[in-house]
Amino acid sequence: MIFEIELNGVKVTKDIPTKWEDVKFKDFIALDNKEVTALSIFTGIEVETLKKANIKNLDVIVTGK
């Protein structure tokens with residue numbers, strides 16, 4: 001799934017896994033049931049940056065629908 005984030009006018013696009021088979025084990029271990037932590041792990045964008053960002057379609061990313 002393509003993930004698009006905008007922070008201070010800068011757009012960044014990342015590809016994040018959409019099924020468990022695509023998640024690296026080290027990333028799975030780091031998950032803590034918080035969406036922002038998962039996005040940080042899968043995109044490589046720091047949690048604090050994500051908290052400040054305008055994230056398009058976040059509901060689609062979280063629910064998978």
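FYI, side chains are in, hydrogens and waters are out, and symmetry mates aren't considered; it's all heavy atoms of this structure. Note that the structure is predicted; figures quoted are calculated from it, not measured.
In the hydrophobic clustering of this structure, Leu7 does not group with Leu50; members are Ile, Leu, Val, Met, Phe, Trp, Tyr whose side-chain heavy atoms approach within less than 4.5 Å, directly or through other members.
One finds the OG1 atom of Thr13 at 10.0 Å from the CD1 atom of Ile5 (value rounded to the nearest 0.5 Å). With rounding to the nearest 0.5 angstrom, the NZ atom of Lys52 is 9.5 Å from the CD atom of Glu46.
Partners of Glu4 according to the salt bridge (charged side-chain N to carboxylate O under 4.0 Å, His left out) rule, which considers only residues two or more places apart in sequence or in another chain, are Lys56. Glu48 pairs by the salt bridge (charged side-chain N to carboxylate O under 4.0 Å, His left out) definition with Lys51, not counting sequence neighbours. Partners of Asp32 according to the side chain to side chain contact (heavy atoms under 4.5 Å, CB included) rule, which considers only residues two or more places apart in sequence or in another chain, are Lys34, Thr37. Remark: Asp15 pairs with Ile2 by the side chain to side chain contact (heavy atoms under 4.5 Å, CB included) rule, at least two apart or across chains. Under the side chain to side chain contact (heavy atoms under 4.5 Å, CB included) criterion, Lys14 pairs with Phe3, Val12, Thr43, Ile45, not counting sequence neighbours.
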Cut-off 3.5 Å, no hydrogens considered: what does the side-chain donor-acceptor table look like for residues 16-26, sequence neighbours left out?
none

